[in-house]
Amino acid sequence: MADFDRDYFIAVFRRMAETAETNRDEWTRLDGDIGDGDHGINMSIGFREVVKQLDAIPDDTDIAGTFKLVGMTLLRKVGGASGPLYGSFFMKAGAEVADQTEVSFDDLRRMLRAGVDSIQARGKAQLGDKTMLDSYLPGLDVLEAADAADPGAALTEFVARMKQGSDDTIPLVAKKGRAMRLGERSVGHRDPGSQSSWQLMNCFVEELAR
Amino acid sequence: MADFDRDYFIAVFRRMAETAETNRDEWTRLDGDIGDGDHGINMSIGFREVVKQLDAIPDDTDIAGTFKLVGMTLLRKVGGASGPLYGSFFMKAGAEVADQTEVSFDDLRRMLRAGVDSIQARGKAQLGDKTMLDSYLPGLDVLEAADAADPGAALTEFVARMKQGSDDTIPLVAKKGRAMRLGERSVGHRDPGSQSSWQLMNCFVEELAR
Amino acid sequence: MKRLLNDGYDAVEEMLDGYVKAHGDVVKLAENERVVVRTELSTEPKVGIIFGGGSGHEPLFLGYVGEGVADAAVIGNVNTSPDPMACYDAVTAADQGKGCLFLYGNYQGDVLNFDMGAEMAADDGIRVETVLITDDVYSAKDKADRRGVAGDVIVLMAACAVANTGADLDAVKAAAEKANDNTYSMGVALSSSTLPVTGEPIFEIGPDDMEVGMGIHGEPGIERKKLEPADAVMDEILDIVLPDMDLKSGEEVAVMINGLGGLPLMDQYICYRRVHDVLTDKGVTIAKSMVGNYATSMDMIGMGVTLVRLDDELKGWLNAPFNAPYLVQ
Amino acid sequence: MKRLLNDGYDAVEEMLDGYVKAHGDVVKLAENERVVVRTELSTEPKVGIIFGGGSGHEPLFLGYVGEGVADAAVIGNVNTSPDPMACYDAVTAADQGKGCLFLYGNYQGDVLNFDMGAEMAADDGIRVETVLITDDVYSAKDKADRRGVAGDVIVLMAACAVANTGADLDAVKAAAEKANDNTYSMGVALSSSTLPVTGEPIFEIGPDDMEVGMGIHGEPGIERKKLEPADAVMDEILDIVLPDMDLKSGEEVAVMINGLGGLPLMDQYICYRRVHDVLTDKGVTIAKSMVGNYATSMDMIGMGVTLVRLDDELKGWLNAPFNAPYLVQ
Ligand SMILES: Nc1ncnc2c1ncn2[C@@H]1O[C@H](COP(=O)(O)OP(=O)(O)O)[C@@H](O)[C@H]1O
Ligand SMILES: Nc1ncnc2c1ncn2[C@@H]1O[C@H](COP(=O)(O)OP(=O)(O)O)[C@@H](O)[C@H]1O
Ligand SMILES: [Mg+2]
Ligand SMILES: [Mg+2]
Ligand SMILES: [Mg+2]
Ligand SMILES: [Mg+2]
């Protein structure tokens with residue numbers, strides 16, 4: 001199986017931007033139920049700027065630099081809780097592969113783990129707090145346990161498990177983020193960040209399958 | 001035919017108050033179409049106070065005094081264009097029969113004419129300007145031409161003609177009052193004051209028929 | 001739309017009671033409870049400035065009673081001129097021996113009532129003059145026939161600035177007239193206000209429609225059309241107002257964006273931005289800007305643009321110090 | 001509900017552009033266009049006061065930048081914390097050599113972003129302290145966990161009053177903390193706000209319903225119930241707030257009625273009246289009253305009550321002179 005190059009990641013990021021646009025109103029609606037109804041909008045604002053930045057990205061930007069650019073752009077443009085969380089996710093993921101022009105599947109798993117670690121370091125949430133970590137954490141475990149011989153299958157399982165994790169947020173009482181103030185009233189609603197995160201990660205799969 | 005006494009007029013005024021209440025939303029809706037949507041509300045505010053005043057009216061108040069009380073109350077409480085117009089209508093009508101404890105049908109016709117004159121003196125509107133005068137003026141002509149032998153029939157004709165006059169305001173372009181600014185857009189709508197005025201005058205008939 | 005009221009019939013009285021309780025250091029009710037008057041009139045007697053009209057336009061009129069601003073406000077029912085007794089009682093409360101000036105928007109109901117109040121005051125030997133405010137461009141062809149909207153505040157500022165110098169009634173009236181002659185407004189409404197007594201809107205309007213030329217009482221405007229982006233709406237307003245006032249490159253103006261109550265400040269500043277850019281492009285200098293809810297129609301969603309052609313005198317008046325709960329500078 | 005905007009994605013930038021054009025004598029944009037800063041900082045160096053949060057709460061935060069009030073405001077997307085770079089750039093713009101104080105409502109997104117900004121400033125050797133505003137009684141049991149709503153303005157006033165004396169960062173921070181410790185708010189919403197980007201409400205709410213404990217971002221409150229008359233709603237709020245702050249007869253308070261944007265001033269004064277009467281009946285003295293749209297949620301119909309337990313020191317701070325476009329006294 002071939003390694004992942006810069007063009008692959010750029011294509012993934014463009015696909016993420018489309019995903020953010022397509023799901024904007026859905027994420028916003030989910031956030032309206034238990035948050036402040038801006039999640040989809042802010043992700044859309046952020047990824048619109050990501051596309052602008054990618055359109056002008058210097059040819060000599062490597063993979064780490066591309067991830068940094070995306071992370072910084074989200075950090076600058078998204079705001080709220082998800083701006084710093086998604087921002088450091090991408091920045092830290094990229095920092096794992098400094099100076100590489102291609103990354104292996106194992107590198108990619110390391111990158112995603114580093115990204116998720118940084119979400120946890122910044123946001124201090126635990127599994128079961130009804131946040132995007134409820135998608136990422138079980139998903140990553142599956143990804144890391146998967147057979148490295150078939151990255152496509154492994155990433156597909158990863159995203160499927162993330163989606164399952166997002167479904168599993170529905171019955172939870174929120175313990176972090178804006179929804180935490182709702183207490184029991186957050187039960188019965190999906191966490192918006194858990195939804196956006198599996199849908200964004202799904203872009204790795206879709207771009208591979210293309 | 002018996003003359004009209006103070007009790008008759010007090011009963012008429014109470015009936016007017018009920019009429020204002022029943023038709024509040026209808027008058028307001030008419031005023032909403034071509035004015036500022038307050039005609040019914042303001043008449044209701046005014047007549048609620050009239051009822052309070054009548055509840056406490058001193059026994060020695062004569063007919064002129066009763067009309068003055070009603071007129072002053074409307075003047076104080078209604079505001080807008082119709083407050084001074086209806087207010088002076090009743091005050092001037094009453095002033096025609098100072099010191100009388102009963103009034104004849106001819107007196108009543110004189111009172112109504114004096115009242116309408118004062119509307120015209122204050123508001124400076126003409127027949128056809130799409131105001132309450134489009135009810136009052138043709139109505140009064142009929143009333144004055146009617147057979148004095150049957151006041152009930154005469155008053156019925158008076159009100160019927162006022163109603164007709166109100167219907168006739170529908171195709172007119174407003175030339176006075178708030179609706180005048182609408183120009184052609186006032187066409188096709190009934191003037192609210194022409195409606196309230198025939199419905200209030202109808203209380204003379206209804207109370208007679210009781 | 002929804003309101004937070006008790007019995008709608010009590011709304012005006014309860015509001016006035018709340019207002020004087022909140023601002024008891026500045027204002028009180030006169031014996032006539034529809035008259036809001038300064039707790040203490042100026043130490044130096046001046047022309048009494050009386051500002052008034054229907055309620056439902058808050059902070060107009062009561063919010064502008066204060067130090068160096070109006071001496072009294074007369075308040076009618078919602079969207080309804082105050083009654084003649086209240087107008088008269090406002091004179092009694094505000095007169096300081098130099099006569100009084102009535103300032104109010106040009107509506108027939110108001111003229112009827114204020115004139116009766118002025119006649120009663122004249123019987124007492126108090127001189128009362130009147131300046132009718134006529135800034136709403138879309139409401140009539142002749143300037144003098146127009147109705148008054150947010151320009152009320154501009155005219156008030158001019159009159160008060162001059163009254164505060166101790167000038168006589170004629171001079172104060174002349175200042176108000178000069179301000180009124182130079183003040184032009186036009187607005188749009190996207191919704192009706194909600195009447196306290198009925199809890200209902202005054203009129204229906206489609207979800208994508210706006211009413212151009214709407215007054216601040218919910219009187220229909222002159223045209224109903226599809227809602228457009230803010231910049232396009234501002235352009236349309238300016239296309240009417242600028243030729244009407246014949247504003248030329250090199251002139252100086254004050255700009256007021258008046259929110260009608262339900263329009264967010266965010267939108268108002270976006271509207272302001274366009275007006276600013278268009279005027280600047282035209283070579284017009286903006287010497288003063290005011291953005292906010294100066295003269296509302298309760299919860300109506302909408303706004304108006306007011307332009308004031310300035311000369312040094314008018315500019316000075318509009319920059320005078322004022323200190324009322326809703327006008328401090 | 002309807003808005004008057006251009007492309008919703010441009011709303012924040014256009015608003016900021018309009019704001020600095022309207023108030024260019026007082027404020028400008030820093031190089032970072034999400035930072036509104038005074039055109040000229042004080043001649044006497046003082047602690048830089050930085051106020052911030054999402055947009056859509058106007059006049060919060062930008063309206064409070066001015067003479068003797070905040071030195072800079074950092075503005076996020078609608079209902080969304082500003083980003084870390086903007087927070088950092090606000091420090092650069094507002095620092096006068098005495099360090100800066102971040103004042104913002106206690107929301108996790110804001111903490112994440114402002115903390116990153118403070119870290120960057122620390123790397124530059126600029127000391128930045130933070131006071132999280134936590135006045136919203138209904139949002140959490142522990143005072144320190146609560147979110148910040150209209151109390152933001154109260155805490156700002158206290159911090160600025162002390163900063164204006166030339167006090168050091170610790171003293172200014174202590175003043176803000178003292179004000180925050182004594183500030184308690186609670187509100188109700190009758191409608192959702194309308195988001196500029198989607199043109200849609202954040203949530204649905206029945207025509208006869210209200211949401212009790214709603215935050216100023218449209219986060220659901222704690223309970224949805226039938227809309228009641230204003231007096232009953234005020235009584236319910238006070239029944240929760242007064243015991244929570246353990247307010248006793250003989251104490252003194254400041255009362256703020258904060259309109260969320262779409263609620264007419266008429267209704268706000270009717271609400272104020274009830275709060276005034278209940279407190280007065282309880283033997284509590286109202287030393288200061290503020291009524292109006294201090295911290296909105298764009299066009300949301302709703303309001304909140306804020307009570308501040310006063311001592312002489314706090315009273316002095318709240319009565320200090322301020323001069324920003326939306327806070328003059
Ligand atoms: N402490 C946290 N750790 C991980 N994820 C979090 C945390 N707080 C919030 N989130 C995620 O962020 C999402 C909300 O993002 P967004 O709506 O953009 O931010 P905000 O709450 O500031 O409006 C939540 O659905 C949740 O998944
Ligand atoms: N100049 C006038 N002469 C006679 N009637 C008038 C005049 N102006 C207005 N009206 C009447 O008053 C009615 C409006 O009353 P109302 O709504 O209470 O007053 P406002 O227009 O001040 O809100 C009109 O429908 C019209 O019949
Ligand atoms: Mg959110
Ligand atoms: Mg009317
Ligand atoms: Mg009226
Ligand atoms: Mg948010």
Side-chain angles (χ1 to χ4, degrees), chain C residues 1-7 11-12 14-19 21-24 55-56 58-59 63 78 188 190-191 193 196 207 210 227 229-231 233 255 257 261-274 276-277 286 289-293 296 298-299 301-303 326 328-329, chain D residues 1-7 11-12 14-19 21-24 55-56 58-59 63 78 188 190-191 193 196 207 210 227 229-231 233 255 257 261-274 276-277 286 289-293 296 298-299 301-303 326 328-329:
Chain C
M1 282 188 300
K2 290 163 161 175
R3 305 277 307 256
L4 197 53
L5 301 168
N6 299 305
D7 186 338
V12 179
E14 290 182 354
M15 168 185 71
L16 291 170
D17 186 35
Y19 189 82
K21 280 174 170 159
H23 304 291
S55 50
E58 292 68 32
V78 171
V188 292
L190 283 57
S191 80
S193 58
M210 64 176 174
L227 182 55
D231 286 356
V233 174
V255 176
I257 299 292
L263 191 76
L265 268 185
M266 179 183 283
D267 307 41
Q268 294 180 38
Y269 277 104
I270 290 173
C271 292
Y272 175 81
R273 172 178 176 269
R274 182 63 168 199
H276 182 103
D277 289 351
I286 300 174
S289 308
M290 300 168 77
V291 180
N293 295 351
T296 71
M298 296 180 293
D299 53 354
I301 303 172
M303 56 77 63
Y326 288 85
V328 200
Q329 68 181 25
Chain D
M1 284 189 297
K2 289 162 161 177
R3 304 279 304 259
L4 198 51
L5 300 169
N6 299 305
D7 186 339
V12 178
E14 290 182 354
M15 166 185 76
L16 290 170
D17 186 36
Y19 189 81
K21 281 173 169 159
H23 305 291
S55 51
E58 293 69 32
V78 171
V188 292
L190 281 58
S191 80
S193 58
M210 64 178 173
L227 182 55
D231 286 357
V233 174
V255 176
I257 299 291
L263 191 77
L265 267 185
M266 179 182 282
D267 307 43
Q268 294 180 38
Y269 278 104
I270 290 173
C271 291
Y272 176 80
R273 171 179 178 267
R274 182 63 168 199
H276 182 104
D277 289 351
I286 300 174
S289 307
M290 300 166 79
V291 181
N293 294 351
T296 71
M298 299 181 289
D299 54 353
I301 304 172
M303 55 77 64
Y326 288 84
V328 201
Q329 68 180 27

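Quick note: numbers below take in every heavy atom, side chains included, and nothing from hydrogens, waters or symmetry partners. Lettering of chains follows the sequences in order, A, B, ..., and the numbering in each one begins at 1.
When each of C:Gly56, C:Gly63, C:Pro229, C:Ser191 is scored by its heavy-atom pairs under 4.5 Å with chain D, the top score falls to C:Pro229. Looking only at heavy-atom pairs under 4.5 Å with chain C, the residue among D:Arg274, D:Lys2, D:Met15 that has the most is D:Lys2. Chosen from C:Asp277, C:Thr296, C:Val78, C:Asn293, the residue pairing most often with chain D at heavy-atom distances under 4.5 Å is C:Asp277. Of the listed residues (C:Pro207, C:Gly261, C:Cys271), the one with the most heavy-atom contacts under 4.5 Å to chain D is C:Pro207. Ranked by non-hydrogen atom pairs under 4.5 Å with chain D, the options C:Met1, C:Met210, C:Gln268, C:Arg3 are led by C:Arg3. When each of D:Glu58, D:Met266, D:Met303 is checked for heavy-atom pairs under 4.5 Å with chain C, D:Met266 comes out on top.
There is no contact between D:Met290 and chain C, counting heavy-atom distances below 4.5 Å. For D:Leu190, the parts lying under 4.5 angstrom from a heavy atom of chain C are both the backbone and the side chain. Heavy-atom distances place both the backbone and the side chain of C:Pro59 under 4.5 Å from chain D. At a 4.5 Å heavy-atom cutoff, the contact between C:Ile301 and chain D is made by side-chain atoms alone. Only the side chain of C:Val188 comes within contact range of chain D, with heavy atoms under 4.5 Å apart. Proximity to chain D is limited to the side chain of C:Leu227, based on heavy atoms less than 4.5 angstrom apart. Looking at D:Ile286, neither its backbone nor its side chain comes within 4.5 Å of chain C, counting heavy atoms on both sides.
At least one donor-acceptor pair closer than 3.5 Å links the side chain of C:Asn6 to the backbone N or O of D:Asp231. Although no hydrogens or angles enter the test, the distance criterion places no donor-acceptor pair under 3.5 Å between the side chain of C:Asp299 and the main chain of D:Pro264. Although no hydrogens or angles enter the test, the distance criterion places no donor-acceptor pair under 3.5 Å between the side chain of C:Lys21 and the main chain of D:Arg273. With hydrogens and angles disregarded, a donor-acceptor distance shorter than 3.5 Å links the side chain of D:Asp267 to the backbone of C:Leu4.
D:Ala22 and C:Ser289 get closest at one heavy-atom pair: O-CB, 3.5 Å. For D:Tyr326 against C:Val291, the heavy-atom pair with the smallest separation is OH-O, 3.0 Å.
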For C:His23 and D:Tyr272, run side-chain hydrogen bond (donor to acceptor under 3.5 Å, both in side chains): C-alpha distance rounded to whole Å, both residues' side-chain angles, the deciding distance at 0.1 Å, then the answer.
CA-CA 11 Å; C:His23 304 291; D:Tyr272 176 80; over 6 Å; no
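Here D:Asp7 pairs with nothing under the side-chain hydrogen bond (donor to acceptor under 3.5 Å, both in side chains) rule; sequence neighbours left out.
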